[in-house]
Amino acid sequence: MAALSCARWLTRAVVAAPNPSAWRSLCTSAVAHARSQAQAEDVRVEGAFPVTMLPGDGVGPELMHAVKEVFKAACVPVEFQEHYLSEVQNMASEEKLEQVLSSMKENKVAIIGKIHTPMEYKGELASYDMRLRRKLDLFANVVHVKSLPGYMTRHNNIDLVIIREQTEGEYSSLEHESARGVIECLKIVTRTKSQRIAKFAFDYATKKGRNKVTAVHKANIMKLGDGLFLQCCEEVAELYPKIKFETMIIDNCCMQLVQNPYQFDVLVMPNLYGNIIDNLAAGLVGGAGVVPGESYSAEYAVFEMGARHPFAQAVGRNIANPTAMLLSASNMLRHLNLEYHSNMIADAVKKVIKVGKVRTRDMGGYSTTTDFIKSVIGHLHPYGGSNS
């Protein structure tokens with residue numbers, strides 16, 4: 001197949017060759033192209049990377065279909081192992097949760113849709129989504145909020161990262177009725193986990209060449225809980241003298257993000273604040289449909305949408321925007337060291353948006369999900385394995 005692809009490529013190029021020296025250049029390029037094709041096929045022959053896929057609720061299955069279609073067109077050497085876990089579709093049980101956990105622990109990498117959490121209390125305070133994250137110790141949620149070239153919003157050229165601790169805080173599922181009509185909801189903050197997320201944020205900033213970390217808190221009111229989180233961030237910051245460190249109260253942070261998001265680089269914060277800021281920041285660059293996200297533990301990596309919404313009202317209407325999920329899938333491939341395929345898919349998605357001819361309704365267009373998928377496939381790199 002590599003030879004056939006090379007022959008096609010060379011035939012097209014020869015027609016345009018103006019002189020003999022160009023011939024030599026073309027032959028060299030053809031050999032290099034054949035080698036790259038052969039290397040890509042060797043990966044597929046050796047075996048695909050196993051990845052756990054959890055479609056989730058709402059438009060999740062439609063977005064996962066988009067990922068699978070684009071991966072197929074790009075000949076991505078990944079094998080998805082699909083599992084279904086849903087509290088709203090009666091597909092949630094201890095047995096299913098254990099099956100998902102077993103798959104994720106074996107594969108180490110997963111891509112998931114939003115697992116919707118019903119508001120009704122049915123005897124269990126912790127949702128399956130929360131339990132899944134806790135059992136895998138997915139303590140760090142990372143959302144890279146970046147403007148997409150060609151898509152104009154109120155603020156352009158935004159580039160900031162939100163890092164959220166997501167295994168404790170307000171989402172500890174510790175609630176009880178201490179007296180009739182009096183509910184106590186416990187917020188848990190520990191030194192160990194606060195130090196861990198702070199170190200993760202500073203390590204991330206160092207690795208990615210970022211200059212500043214802002215710790216977001218409410219220590220003026222929650223003097224002990226958020227006070228401990230803030231103290232831990234300050235202690236860790238002293239170990240990274242080359243990274244500028246600032247602190248900001250959560251309510252002021254919300255206002256500052258809307259007024260001047262350019263002042264931020266990396267933000268680190270407890271659980272609930274991170275959930276709110278993720279959504280606010282996503283709105284600055286186009287909404288939940290365009291921002292990818294990921295969650296990490298010491299062993300596992302889970303790729304998902306940055307702002308988690310099931311978008312239930314769009315189910316079956318073929319209008320969901322697959323941008324965020326495709327970019328998240330691209331990030332997953334980079335995590336698997338499949339740089340070639342990662343760049344190919346991310347570049348194709350960004351080209352579709354930059355050209356602006358195909359846009360889903362949330363981006364002000366009239367295109368369907370299917371239209372967007374086809375356009376992305378059409379913009380894949382010509383050597384991406386499509387045989388064209």
**Student:** Judged by atom type as modelled, is there a donor-acceptor pair below 3.5 Å linking the side chain of Glu184 to the main-chain atoms of Ser178?
**Tutor:** no
**Student:** Less than 4.0 angstrom from a charged side-chain N to a carboxylate O is my criterion; do Glu304 and Arg133 meet it?
**Tutor:** yes
**Student:** Tell me if the CD atom of Glu339 is crowded by more than 12 foreign heavy atoms within 6.0 Å.
**Tutor:**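 Check passes, neighbour count above 12.
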**Student:** Please check this pair: side chain of Ser172 against backbone of Leu174, looking for a donor-acceptor N/O pair closer than 3.5 Å.
**Tutor:** no
**Student:** Angle between ring planes, Tyr262 versus His155, binned at 30° and 60°: parallel, tilted or perpendicular?
**Tutor:**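 Perpendicular: the ring planes of Tyr262 and His155 meet at over 60°.
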**Student:** Could you tell me whether the side chain of Thr247 and the main chain of Ala215 form a donor-acceptor pair under 3.5 Å?
**Tutor:** no
**Student:** Side-chain donor-acceptor pair under 3.5 Å between Asn141 and Tyr296, yes or no?
**Tutor:** no
**Student:** How long is the gap from OG on Ser367 to CD1 on Ile319, to the nearest 0.5 Å?
**Tutor:**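 The CD1 atom of Ile319 is 12.0 Å from OG of Ser367, to the nearest 0.5 Å.
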**Student:** Atom CD1 of residue position Ile183 - does it have more than 12 heavy atoms of other residues, nucleotides or ligands inside 6.0 Å?
**Tutor:**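 Counting other residues, nucleotides and ligands, CD1 of Ile183 exceeds 12 neighbours.
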**Student:** Output the distance between atom CG (Asp129) and atom NE2 (His116), rounded to the nearest 0.5 Å.
**Tutor:**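 Between Asp129 CG and His116 NE2, I get 11.0 Å after rounding to 0.5 Å.
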**Student:** I'd like to know if the side chain of Asn279 reaches the main chain of Asn275, judged simply by a donor and an acceptor atom lying under 3.5 Å from each other, with no hydrogens or angles considered.
**Tutor:**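 Pair found, side chain donor or acceptor close to backbone of Asn275.
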**Student:** Answer yes or no: is there a donor N or O on one side and an acceptor on the other, between the side chain of Glu165 and the main chain of Thr167, under 3.5 Å?
**Tutor:** yes
**Student:** Keeping His217 on the side-chain end and Ala219 on the backbone end, is there a donor-acceptor pair under 3.5 Å?
**Tutor:** yes
**Student:** Under a 3.5 Å threshold, yes or no: a donor from one side chain and an acceptor from the other, between Tyr273 and Asp226?
**Tutor:** yes
**Student:** Among the clusters formed by ILVMFWY side chains lying less than 4.5 Å apart, do Ile158 and Val161 turn up in the same one?
**Tutor:** yes
**Student:** May I have the step-by-step check of salt bridge (Lys or Arg N to Asp or Glu O under 4.0 Å) for Glu294 and Arg334, ending in yes or no?
**Tutor:** CA-CA 12 Å; Glu294 52 223 55; Arg334 185 169 291 108; over 6 Å; no
**Student:** Could you go step by step and tell me if Asn331 and Ser328 meet the side-chain hydrogen bond (donor to acceptor under 3.5 Å, both in side chains) rule?
**Tutor:** CA-CA 5 Å; Asn331 292 339; Ser328 185; 5.4 Å; no
**Student:** Just how far is it from atom NZ of Lys193 to atom CG of Asp137, taken to the nearest 0.5 Å?
**Tutor:**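 It is 6.0 Å, given to the nearest 0.5 Å.
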**Student:** Give a yes or no on whether Lys187 atom NZ has more than 12 heavy-atom contacts from other residues, nucleotides or ligands under 6.0 Å away.
**Tutor:**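 Yes, NZ of Lys187 has more than 12 neighbouring heavy atoms, counting only those of other groups under 6.0 Å.
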**Student:** Return yes when atom CZ of Arg361 has more than 12 non-hydrogen atoms of other residues, nucleotides or ligands closer than 6.0 Å, and no otherwise.
**Tutor:** no
**Student:** Would you find more than 12 non-hydrogen atoms of other residues, nucleotides or ligands less than 6.0 Å from Lys212 atom NZ?
**Tutor:**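 Result for NZ/Lys212: enclosed.
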**Student:** Can you tell whether the side chains of Asp251 and Lys218 come within less than 4.0 Å, N to carboxylate O?
**Tutor:** yes
**Student:** If we ignore hydrogens and angles and just use 3.5 Å, is the side chain of Lys105 paired with the main-chain N or O of Ser102 as donor and acceptor?
**Tutor:** no
**Student:** Can you tell me how far the CG atom of Leu136 sits from the NZ atom of Lys108, to the nearest 0.5 Å?
**Tutor:** 10.0 Å
**Student:** Is a side-chain donor or acceptor of Thr206 paired with a backbone partner of Phe202 at a separation under 3.5 angstrom?
**Tutor:**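 Indeed, once roles are kept as given, a pair shorter than 3.5 Å links the two residues.
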**Student:** If you draw the axis of the six-membered ring of Phe139, does the NZ or CZ of Arg196 fall within 45° of it and under 6.0 Å from the ring centre?
**Tutor:**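 So Arg196 does make the cation-pi contact.
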**Student:** Keeping His65 on the side-chain end and Pro61 on the backbone end, is there a donor-acceptor pair under 3.5 Å?
**Tutor:**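 Not at all, since once roles are kept as given, no pair shorter than 3.5 Å links the two residues.
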**Student:** Do Asp203 and Lys208 sit within salt-bridge range, that is, some charged N less than 4.0 Å from a carboxylate O?
**Tutor:**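 So Asp203 does not pair with Lys208 through a salt bridge.
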**Student:** Atom NZ of residue position Lys374 - does it have more than 12 heavy atoms of other residues, nucleotides or ligands inside 6.0 Å?
**Tutor:** no
**Student:** Looking at CD of Glu98 and OG of Ser103, how far apart are the two atoms once the value is rounded to the nearest 0.5 Å?
**Tutor:** 12.5 Å
**Student:** Centre-to-centre under 6.0 Å for His341 and Phe71, is that the case here?
**Tutor:** no
**Student:** What verdict does the salt bridge (Lys or Arg N to Asp or Glu O under 4.0 Å) test give for Lys96 and Glu94, after you've listed the backbone C-alpha separation in whole Å, the side-chain angles of each residue and the deciding distance to 0.1 Å?
**Tutor:** CA-CA 6 Å; Lys96 286 185 179 295; Glu94 292 300 320; over 6 Å; no
